[in-house]
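Sequential numbering from 1 along the given sequence is applied to the chain's residues. All figures in this text were calculated on a predicted structure; none of them were measured in a lab. Every number for a ligand or one of its atoms is a count from 1 in the order of the listing.
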Amino acid sequence: MPQPVSLLLDCDTGIDDALALAYLCSQPHVELVAVSSTPGNVDAEQVARNNLALLELCGRPDVPVAIGARAPLEIPLVTTPETHGPQGIGYAELPEPQGRVYAGDAVELWIEAARARPGELTALLTAPLTNFALALRAEPRLPELLRGVVIMGGSYYYQGNTTPTAEWNTHVDPHAAAEVFAAFSGLPEEKLPVVCALESTERIEMRPEHVEDLAREAGCAVPELVLPGQPEGLRSTASNPLVRHLSDMLRFYFEFHRAYDQGYIAHVHDYFAAAVAAGTVRYGTRTATVHVETAAPRLLGTTVADYRGLWGEAPNARIVSENHPGEAFDELIRSLGALARRIHG
Ligand code: BDR
Ligand code: CA
């Protein structure tokens with residue numbers, strides 16, 4: 001059993017965010033302290049609706065879901081319906097949530113939680129860094145108050161997924177990302193954010209057989225087949241609602257990746273970041289000084305890592321340099337399958 005982990009999750013749910021959230025709900029050693037909703041893949045209200053519905057589906061209606069910023073710090077919000085569907089969850093139609101969004105502000109919620117439990121909470125960020133940048137403005141001691149930080153964002157010496165050089169989360173709010181990395185400059189190595197960037201998260205390539213394995217693990221009697229030859233938009237008939245909704249999300253994500261010539265697969269970036277934060281997968285990191293471009297129009301959101309100290313600036317990140325996709329999928333299927341079987345089997 002891994003060490004207990006208490007998480008503040010900030011996400012823009014999002015198909016891979018949804019997988020990450022469901023996975024975290026399946027981990028008995030993970031305490032979800034709060035889930036905040038950042039505009040990104042869809043607007044903040046829709047992110048919050050998705051988070052509430054997913055937490056209820058995963059048997060965790062008790063977790064507060066909050067909203068902070070409604071837009072990036074300095075530029076207009078651009079959402080991505082072609083990647084995650086109009087509601088951010090592909091073809092899934094989640095039940096209307098029973099619960100309500102937390103009445104206060106997400107940024108205040110984070111700060112109160114971090115102050116109340118100094119050194120205990122880990123921040124997991126799978127969205128543009130808008131809310132986290134605002135939290136750091138309001139409480140500059142946040143890096144010391146938090147036990148750790150895990151970020152999904154950026155791409156280092158690896159092509160972008162939004163522009164030729166920029167990754168989605170850093171491209172949506174480059175100013176926030178720049179502020180966040182600046183806030184960690186020169187802190188002790190164990191306080192530097194662990195950064196899961198495209199060169200490591202695109203190795204976490206989900207395939208149809210993983211969906212089939214998940215359904216089997218969840219106890220579904222009929223094989224869950226999401227296949228490239230099937231008509232686009234086909235809906236799952238799985239008996240298990242968690243499997244059914246995840247399957248409908250992942251079919252959309254497979255189709256999106258195929259439309260961009262990447263094959264009938266899905267990069268589940270945020271699941272990997274969640275597993276890193278939960279301490280359930282092996283990975284290695286390299287310390288670096290990260291720069292996020294906020295001025296050059298063609299390079300907006302592009303991230304550069306100085307691994308060799310050539311800029312003469314203190315490090316501000318630990319970038320994942322090694323991961324193990326096979327182990328990560330074994331872990332996902334075992335844990336999420338068990339949750340689906342336990343709650344809906
Ligand atoms: C990131 O962008 C979003 O669309 C995904 O949810 C993930 O967080 C990958 O670039
Ligand atoms: Ca995300």
Legend entry - Subset of ligand 1 atoms that lie under 4.0 Å from at least one heavy atom of D17: 6 (O)
Inset, instruction - Fit a plane to each ring of H210 and F329, take the angle between them on a 0 to 90° scale, and name the class: parallel (under 30°), tilted (30 to 60°) or perpendicular (over 60°). - result: parallel
Inset, instruction - Tell me, please: is T83 in heavy-atom contact with ligand 1, that is, under 4.0 Å? - result: no
Legend entry - Spacing of OG1 belonging to T38 relative to CG belonging to L134, to within rounding of 0.5 Å: 9.0 Å
Inset, instruction - Report yes if H269 has an N/O atom closer than 3.5 Å to an N/O atom of ligand 1; otherwise report no. - result: no
Inset, instruction - Report the C-alpha distance between E293 and T302 in whole Å, list the side-chain angles of each, state the deciding distance to 0.1 Å, and finish with yes or no for side-chain hydrogen bond (donor to acceptor under 3.5 Å, both in side chains). - result: CA-CA 5 Å; E293 181 57 36; T302 298; over 6 Å; no
Inset, instruction - Grab the two heavy atoms, one from R137 and one from P140, that are nearest each other, plus how far apart they are. - result: O-CD, 4.0 Å
Inset, instruction - Pull out every atom of ligand 1 sitting under 4.0 Å from any heavy atom of N161, numbered as shown with elements. - result: 9 (C), 10 (O)
Legend entry - 4.0 Å heavy-atom contact, N41 with ligand 1: yes
Legend entry - Region of H84 engaging ligand 1 - heavy atom pairs below 4.0 Å: side chain
Inset, instruction - Take Y260 and F256 through the ring-ring contact (aromatic ring centres under 6.0 Å, His included) test and state the conclusion after the steps. - result: CA-CA 7 Å; Y260 283 81; F256 160 76; 4.9 Å; yes
Legend entry - Sphere of radius 3.0 Å around the Ca ion (ligand 2) - protein N, O or S atoms inside: D12 OD1, D17 OD1, D17 OD2, T126 O, D270 OD2
Inset, instruction - Among all protein heavy atoms, pick the one closest to atom 6 (O) of ligand 1 and tell me residue, atom and distance. - result: D16 OD1, 2.6 Å
Inset, instruction - Quick one: closest heavy-atom pair of N50 and G14, and the distance? - result: ND2-N, 4.5 Å
Inset, instruction - Name the orientation class of the two ring planes belonging to Y253 and H84 (parallel below 30°, tilted from 30 to 60°, perpendicular beyond 60°). - result: tilted
Legend entry - For E167, the ligand 1 atoms whose distance to one of its heavy atoms is below 4.0 Å: 1 (C), 2 (O), 9 (C), 10 (O)
Inset, instruction - Name the closest protein heavy atom to atom 8 (O) of ligand 1, giving the residue it belongs to and the distance to 0.1 Å. - result: D270 OD1, 2.7 Å
Legend entry - Shortest non-hydrogen separation from E139 to L145 and the atoms involved: CG-CD1, 3.9 Å
Inset, instruction - Walk me through it: do R244 and E224 pass the test salt bridge (Lys or Arg N to Asp or Glu O under 4.0 Å)? - result: CA-CA 9 Å; R244 188 167 69 245; E224 182 64 10; over 6 Å; no
Legend entry - atom 2 (O) of ligand 1: nearest protein contact (heavy atom, Å): W168 CD1, 2.9 Å
Legend entry - Under 4.0 Å to a heavy atom of T126 - the qualifying atoms of ligand 1, by number: 8 (O)
Inset, instruction - Give the minimum heavy-atom separation between V320 and C196, together with the two atoms involved. - result: CG2-SG, 4.1 Å
Inset, instruction - Using the six-membered ring wherever Trp is involved, compare the ring planes of W311 and H291 and label them parallel, tilted or perpendicular (cut-offs 30° and 60°). - result: perpendicular
